[in-house]
Number of protein chains: 2
Amino acid sequence: MTEIRVLLVDDHPVVRAGLRAMLNDFDGVWVAGDVADGAAAVAEVRKLAALGQPVQVVLMDLQMGEGMDGVTATRTIRALEDPPQVLILTTYDTDADIIAAVEAGAGGYLLKDAPPEEIRRAVQSAARGQTALAPEVAARLMGRISSPTTSLSAREIQLLELLATGMPNRRIAKELFISEATVKTHLVHIYDKLGVDNRTAAISAARQQRIIRR
Amino acid sequence: MTEIRVLLVDDHPVVRAGLRAMLNDFDGVWVAGDVADGAAAVAEVRKLAALGQPVQVVLMDLQMGEGMDGVTATRTIRALEDPPQVLILTTYDTDADIIAAVEAGAGGYLLKDAPPEEIRRAVQSAARGQTALAPEVAARLMGRISSPTTSLSAREIQLLELLATGMPNRRIAKELFISEATVKTHLVHIYDKLGVDNRTAAISAARQQRIIRR
DNA sequence: CCGCCGGTCAACCGATCGGTTGATGTCGCG
DNA sequence: CGCGACATCAACCGATCGGTTGACCGGCGG
């Protein structure tokens with residue numbers, strides 16, 4: 001069997017080195033490259049495909065300081081012809097962008113504190129075209145899908161995260177390119193779903209339910 | 001010159017592997033071990049010292065999921081006889097624990113997105129007993145030290161904790177057996193000291209500065 | 001094809017919050 | 001003693017939030 005070619009995308013040199021070291025320890029896996037942001041990832045995927053050495057799996061960090069973000073990069077890569085699988089790599093299993101990433105075509109999901117064995121399994125599953133979600137994450141996603149009324153939408157979680165930073169509605173509106181009216185509408189829905197009646201309590205509840213962290 | 005022996009402390013296997021790979025690429029540096037939490041770090045430092053192979057530098061992550069935290073571990077290690085230098089490793093240069101860590105005896109400071117060269121320099125500086133703070137961080141620390149810690153009073157912290165649960169002023173007043181007016185006065189002082197201008201931001205700031213948890 | 005859900009926006013109004021000024025009392029420290 | 005730090009309360013007003021009603025649109029599923 002031919003080797004699985006992997007591209008690493010993470011803005012932290014340390015993490016790239018760590019993944020490279022880990023993956024190269026595994027037989028059948030070859031790290032074809034590592035880049036620091038989404039745009040470079042897209043370029044690298046294209047280049048390697050053009051060279052006749054296409055990668056089968058992209059390990060993509062969601063949190064990237066600057067440049068193209070992970071979700072956009074995932075969408076762009078998955079829109080190429082004969083695209084590689086994209087495995088999302090993130091620090092928190094509460095990350096609201098999980099859903100966005102999966103919708104963008106990510107085929108799997110990994111927490112950064114995953115043990116090497118889990119990373120290896122995920123890469124190999126992805127290379128076989130299987131989706132491989134971490135158990136907790138899969139459960140969370142399933143929960144979202146199965147009970148749409150009791151759980152917050154991706155947009156609502158996104159709002160909640162800005163809320164937790166202490167922004168007033170006006171700034172949240174600006175940040176999300178929507179009107180203040182819309183922000184208020186979302187907030188009402190959030191209060192409803194969380195069973196509270198003000199922003200501060202919403203944050204407290206959301207934190208307690210691990211919908212947001214930090 | 002004999003090699004610099006380094007101990008890695010980080011709860012993420014990926015990061016440990018990355019640092020190990022990076023550091024072992026440098027001549028004169030030897031990674032003597034890597035552990036996942038503070039308690040294990042203390043034990044490992046002791047063990048290696050007993051074996052006559054003491055580490056000169058500990059690379060210590062501040063954010064660790066469970067077990068002994070980085071600040072406590074730093075303090076404990078620096079209290080040993082003939083202790084190694086401790087280099088703090090963290091993701092955010094805004095981390096309030098920086099100050100605590102430096103007070104606990106940390107001799108240096110590194111951001112996780114630092115390039116390999118910077119990491120190497122920091123380790124070598126630390127091994128020579130020099131403190132090596134990243135420029136931005138050093139500036140931040142100086143700023144903090146110059147402006148005497150405008151710390152909150154016990155009463156204000158008490159209020160902050162109720163605030164974080166989502167109570168409106170009226171209920172906080174009832175809870176503390178004071179008038180709503182007094183609650184507002186306290187809040188103004190809290191906003192002042194934290195450099196914010198609304199309750200939600202105050203909670204966010206207080207949490208970030210570890211004034212309140214959860 | 002029609003209904004529902006999610007996301008968007010507007011207008012309105014009462015409730016709450018943010019900020020100010022000013023006042024009183026207590027406690028500890030030089 | 002006098003000063004400062006802390007805690008307490010009041011009154012006031014503009015800004016923001018909370019809650020409602022109603023509306024439009026796009027997508028997805030029955």
Side-chain angles (χ1 to χ4, degrees), chain A residues 71 75 96-105 141-206 211, chain B residues 147-206 211:
Chain A
V71 174
R75 196 184 343 269
D97 288 337
I98 296 174
I99 290 110
V102 170
E103 282 167 0
L141 289 177
M142 295 312 276
R144 303 254 186 153
I145 294 163
S146 65
S147 60
T149 35
T150 47
S151 133
L152 299 156
S153 71
R155 191 58 156 174
E156 285 161 352
I157 293 175
Q158 198 177 4
L159 222 131
L160 212 33
E161 270 160 2
L162 296 183
L163 200 62
T165 68
M167 288 187 190
N169 291 345
R170 193 172 305 165
R171 232 177 319 168
I172 296 176
K174 239 168 217 163
E175 203 73 22
L176 298 181
F177 303 106
I178 58 180
S179 82
E180 208 176 326
T182 306
V183 172
K184 290 171 68 172
T185 305
H186 282 308
L187 287 184
V188 171
H189 295 156
I190 291 172
Y191 300 156
D192 262 0
K193 292 181 180 176
L194 295 180
V196 298
D197 64 354
N198 68 65
R199 57 176 53 214
T200 316
I203 294 168
S204 172
I211 297 168
Chain B
S147 64
T149 319
T150 53
S151 76
L152 298 156
S153 72
R155 191 59 156 173
E156 284 162 351
I157 292 175
Q158 195 178 5
L159 220 134
L160 211 33
E161 270 158 3
L162 296 183
L163 200 63
T165 69
M167 289 187 189
N169 290 346
R170 192 172 303 162
R171 233 180 316 171
I172 296 177
K174 242 167 212 164
E175 202 75 22
L176 297 180
F177 303 107
I178 58 180
S179 83
E180 209 176 324
T182 305
V183 172
K184 288 170 68 173
T185 304
H186 282 309
L187 287 184
V188 171
H189 295 156
I190 292 172
Y191 300 157
D192 261 1
K193 293 182 180 175
L194 295 181
V196 300
D197 65 352
N198 68 64
R199 56 176 54 215
T200 315
I203 295 170
S204 171
I211 296 168

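Chain letters run A, B, ... following the sequence lines, proteins first, then strands; residues in each count from 1. This one's a predicted model, so the numbers in the text were calculated from it and none came from an experiment.
Note that CG of Asp192(A) and NE2 of His189(A) are 7.0 Å apart. Values are rounded to the nearest 0.5 Å.
Nearest heavy atoms, Gly166(A) versus Asn198(B): O-ND2, 3.0 Å. When all heavy atoms are compared, the tightest approach of Ile190(A) to Ala202(A) is CG2-CB, 4.4 Å.
Contacts of Ala206(A) classified as side-chain contact (heavy atoms from CB on, under 4.5 Å), with partners at least two apart in sequence or in another chain: Leu160(A), Leu194(A), Ile211(A), Ile212(A). For Thr185(A), there are no side chain to side chain donor-acceptor pair (under 3.5 Å) partners, not counting sequence neighbours. Partners of Ser153(B) according to the side-chain contact (heavy atoms from CB on, under 4.5 Å) rule, which considers only residues two or more places apart in sequence or in another chain, are Arg155(B), Glu156(B).
The stretch residues 162-174 of chain A has no heavy atom under 4.0 Å from DNA chain C, so no residue of it qualifies as close.
Residue His189(A) places none of its side-chain N or O atoms closer than 4.0 Å to OP1 or OP2 of dG6(C).
The residue among Ala154(B) and Ala181(B) whose nearest nucleotide of DNA chain D lies closer to the 5′ end is Ala154(B).
As rounded to whole Å, 13 Å separates atom C1' of dG6(C) from atom CG of Leu159(A). Between the CZ atom of Arg155(A) and the C1' atom of dC5(C) there is a distance of 16 Å, given to the nearest Å. Protein atom CZ of Phe177(A) is 18 Å distant from nucleotide atom C1' of dC9(C), rounded to whole Å.
Among the heavy atoms of the strands lying under 4.0 Å from Thr182(B) is at least one base atom, whether or not backbone atoms are also near.
The side chain to side chain contact (heavy atoms under 4.5 Å, CB included) test with His186(B) singles out one residue from Leu159(B), Leu163(B), Asn169(B), and that residue is Leu159(B).
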When the side chains of residues 173-182 of chain A are checked against the rest of the protein, which donor-acceptor pairs come out under 3.5 Å, sequence neighbours left out?
| unit_1 | atom_1 | unit_2 | atom_2 | d |
| --- | --- | --- | --- | --- |
| Ser179(A) | OG | Ala181(A) | N | 3.2 |
| Ser179(A) | OG | Thr182(A) | N | 3.2 |
| Ser179(A) | OG | Thr182(A) | OG1 | 3.2 |

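Side-chain to base pairing of Thr185(A) with dC9(C): one donor and one acceptor N or O lie within less than 3.5 Å of each other.
Protein chain A touches strand DNA chain D; the 5'-most and 3'-most nucleotides with an atom under 4.0 angstrom of its non-hydrogen atoms are dT16(D) to dT20(D).
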